[in-house]
Amino acid sequence: ISESQLNELKQDLLQIKGVNEVKFEYKPEKQRARAIIYTTQKIRQSEGDEEFRITELKQAILKHNMMPTELTQEVVK
């Protein structure tokens, strides 16, 4: 993993509906990075309303030939 790969991934993640901010904790010596992704989720008003889908995060990560090892979610009010 390189910093340029992480920057490309960040740009893709920011395109996902509901993603507001992306930060990485990068450890080049271990070739690992931890992504911290901040999202806003609105209450759906109708069936046509788009909502944040966590599966889109995984798809974006896999698209960049990276493998997510753990995915946790924390609700902050």
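Atom set for the values below is all heavy atoms of this structure, side chains included, hydrogens, waters and symmetry mates excluded.
Tracing side-chain contacts under 4.5 Å through hydrophobic residues (I, L, V, M, F, W, Y), one reaches Leu14 starting from Ile16; they form part of the same cluster.
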Name each donor-acceptor pair under 3.5 Å that joins a side chain in residues 57-64 to protein atoms two or more places apart or in another chain, with its distance.
| from | atom 1 | to | atom 2 | distance (Å) |
| --- | --- | --- | --- | --- |
| Lys63 | NZ | Asp12 | OD2 | 3.1 |
| His64 | NE2 | Asp12 | OD2 | 2.6 |

Only distances under 3.5 Å count here; give the side-chain donor-acceptor pairs of residues 20-36 to other protein atoms, sequence neighbours excluded, each with its distance to 0.1 Å.
| from | atom 1 | to | atom 2 | distance (Å) |
| --- | --- | --- | --- | --- |
| Asn20 | ND2 | Thr40 | OG1 | 2.3 |
| Tyr26 | OH | Ile1 | O | 2.5 |
| Gln31 | OE1 | Ile1 | N | 2.4 |
| Gln31 | NE2 | Pro28 | O | 3.1 |

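Taken to the nearest 0.5 Å, the OG1 atom of Thr39 stands 11.5 Å off from the CG atom of Leu13. With values rounded to the nearest 0.5 angstrom, Asn65 atom CG is found 11.0 Å from Leu9 atom CG.
For Glu3, the CD atom counts as loosely surrounded, since its 6.0 Å shell holds 12 or fewer non-hydrogen atoms of other residues, nucleotides or ligands.
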